[in-house]
There are 2 protein chains.
Amino acid sequence: MTHPIGTGEAGEARVRVLLADDEHLIRGALAALLSYEDDILVVAEAASGPEALAMARAHRPDVAVLDLEMPGADGVAVATSLRAELPGCRTMIVTGHGRPGHLKRALTAGVRGFVPKTVSAQRLAEIIRTVHAGGRYVDPELAADAISAGDPPLTVREAEVLDLAADGAPIAEIARRAALSQGTVRNYLSSAATKLSAENRHEAARIARERGWV
Amino acid sequence: MTHPIGTGEAGEARVRVLLADDEHLIRGALAALLSYEDDILVVAEAASGPEALAMARAHRPDVAVLDLEMPGADGVAVATSLRAELPGCRTMIVTGHGRPGHLKRALTAGVRGFVPKTVSAQRLAEIIRTVHAGGRYVDPELAADAISAGDPPLTVREAEVLDLAADGAPIAEIARRAALSQGTVRNYLSSAATKLSAENRHEAARIARERGWV
DNA sequence: GGCGCTTCATGACATTCGTCATCAATGCCG
DNA sequence: CGGCATTGATGACGAATGTCATGAAGCGCC
């Protein structure tokens with residue numbers, strides 16, 4: 001499932017990259033494109049969060065390029081673990097549909113690059129170099145979205161309850177799962193819905209998910 | 001935003017392919033990988049549904065490889081239009097997270113290939129050849145899911161109303177947008193929820209979306 | 001201790017929602 | 001023409017939900 005790509009490590013120092021994406025098509029294609037760059041070497045690939053961690057431990061890459069959506073553990077979770085285990089390894093996130101909240105989570109986790117999949121491979125290579133050199137890069141559009149979205153106005157409990165409400169369960173079910181009384185749950189949901197200018201808890205849950213607040 | 005790739009049309013007949021995917025990174029990478037195949041020529045690329053249609057009209061490809069999720073019009077919608085406008089053009093869908101209902105919709109639209117993005121580029125090339133030769137290919141796992149999920153038990157109107165309910169809007173809002181009375185909307189939603197074994201319309205909407213029935 | 005804040009709970013009330021029975025208009029088909 | 005299914009509507013009733021006022025318990029802090 002994983003294999004190194006490239007002609008081998010030349011005398012000069014190349015950027016050693018780990019690629020993690022559950023979509024084989026994209027991962028393979030990306031590896032091929034990056035292999036065109038003389039100063040970049042893809043040393044490992046992974047198709048899931050846990051696998052990405054294992055590969056990183058084994059190959060100690062300079063930069064880990066992580067997809068946000070992966071089975072097992074998402075890109076941000078992997079980045080958090082990597083930060084603790086391999087402080088020398090820079091991390092960056094690549095995502096299809098980036099939500100503002102994810103960006104904030106990612107930056108908190110020490111991620112140094114955050115790019116949508118709409119960029120070109122050329123651009124991605126440049127960003128990998130930037131990140132490797134200790135710089136940071138955040139897609140301007142995503143950054144603007146994050147700024148305009150602002151901080152999550154929800155308290156911890158509100159977010160918690162809202163998360164449980166996300167799948168459309170009735171109040172009784174939510175109260176059971178949260179070990180709270182139904183009245184309390186309704187209060188939290190009501191307050192959350194007010195803060196999010198939503199008509200009801202379902203719309204509130206949707207908004208919170210869109211913003212990446214849950 | 002779009003450009004043909006390849007060394008040019010040689011004397012022999014190569015499969016002329018249109019690539020449509022809104023993620024530039026993937027589209028470009030895919031084009032590069034497919035260019036390795038001697039018998040495949042990527043003649044056009046598109047980043048949205050409408051653009052895919054325009055490119056198809058202009059370049060008349062043999063096979064259109066369409067991403068399911070695209071702005072403007074999704075892959076299946078594009079396939080439907082192509083079937084009418086360019087009957088000689090075979091269509092296939094590539095998708096990240098394939099839901100059972102999408103497969104059925106796609107097959108109904110005359111799509112001849114349905115593959116997840118977890119396949120390798122090699123495999124994709126083979127499937128493109130298969131489709132070009134008049135064959136069909138459906139990912140076995142997706143097919144199994146589709147069969148186990150069964151037919152959408154919803155009537156057209158039920159699905160329509162459920163779709164409008166998907167964002168958590170209150171009944172009044174749904175009724176307004178559907179130009180129906182509130183009572184009627186509630187009847188449809190109630191019936192849909194019953195059929196889907198859901199506690200309420202929100203859960204029903206979630207289930208229908210998961211199954212690809214909306 | 002007194003103060004303020006958060007968390008959690010209760011009860012009351014109006015509104016919305018889910019469910020059901022019923023019915024009218026339309027269109028298809030034998 | 002006479003059934004018959006589909007679509008859309010109405011009204012009623014109970015349950016679920018949103019909203020608000022109120023208060024108790026826990027906790028940090030001066």
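In what follows, chains carry the letters A, B, and so on, assigned in the order in which the sequence lines appear, proteins first and then strands, with residues in each chain numbered from 1.
- In terms of phosphate contacts, A:Arg157 brings no side-chain nitrogen or oxygen within less than 4.0 Å of OP1 or OP2 of C:dT6.
- Among the nucleotides C:dT10, D:dG18, D:dT19, the one closest to the side chain of A:Ser181 is C:dT10.
- Checking the phosphate oxygens (OP1, OP2) of D:dG8, no side-chain nitrogen or oxygen of B:Thr184 falls inside 4.0 Å.
- In this structure the side chain of B:Leu30 reaches within 4.5 angstrom of the side chain of B:Leu124, judged on heavy atoms.
- Tested against B:Leu34 for a side-chain contact (heavy atoms from CB on, under 4.5 Å), the candidates B:Val15, B:Val42, B:Leu41 yield a single pass: B:Val42.
- More than 12 heavy atoms of other residues, nucleotides or ligands sit less than 6.0 Å from atom CZ of B:Arg129.
- As rounded to whole Å, 14 Å separates atom C1' of D:dT17 from atom CD of B:Glu199.
- Going from atom CD of B:Glu203 over to atom P of D:dA16 covers 14 Å, rounded to whole Å.
- Sequence order on DNA chain D of the closest nucleotides to B:Asn200 and B:Gly183 puts B:Gly183 first from the 5' end.
- In this model, no side-chain donor or acceptor of A:Asn187 finds a partner on the base of C:dC8 within 3.5 Å.
- Taking atom CD1 of A:Ile171 as the reference point, atom P of D:dA16 lies 11 Å away to the nearest angstrom.
- For the pair B:Ser190 and C:dG18, the criterion of a side-chain N or O lying under 4.0 Å from OP1 or OP2 is not met.
- Looking at heavy-atom distances under 4.0 Å, B:Arg186 makes contact with a base.
- A side-chain donor from one of A:Glu158 and A:Ser191 sits under 3.5 Å from a side-chain acceptor of the other.
- Rounded to whole angstrom, the span from the CD atom of B:Gln182 across to the C1' atom of D:dG8 amounts to 14 Å.
- Atom CZ of B:Arg201 is separated from atom P of C:dT16 by 12 Å (rounded to the nearest Å).
- Remark: P of C:dA24 and CG of B:Leu180 are 20 Å apart, rounded to the nearest angstrom.
- The nearest whole Å value for the distance from the CG atom in A:Leu189 to the P atom in C:dC8 is 13 Å.
- Open room surrounds CD on B:Gln122; 12 or fewer heavy atoms of other groups in view lie less than 6.0 Å from it.
- OP1 or OP2 of C:dC8 lies within a sub-4.0 Å distance of a side-chain N or O belonging to A:Tyr188.
- Candidate nucleotides D:dA9, C:dT7, C:dG18 were compared by shortest atom distance to the side chain of A:Thr155, and C:dT7 ranks first.
- Look at NZ on A:Lys195: it is 15 Å from C1' on D:dT19, rounded to the nearest Å.
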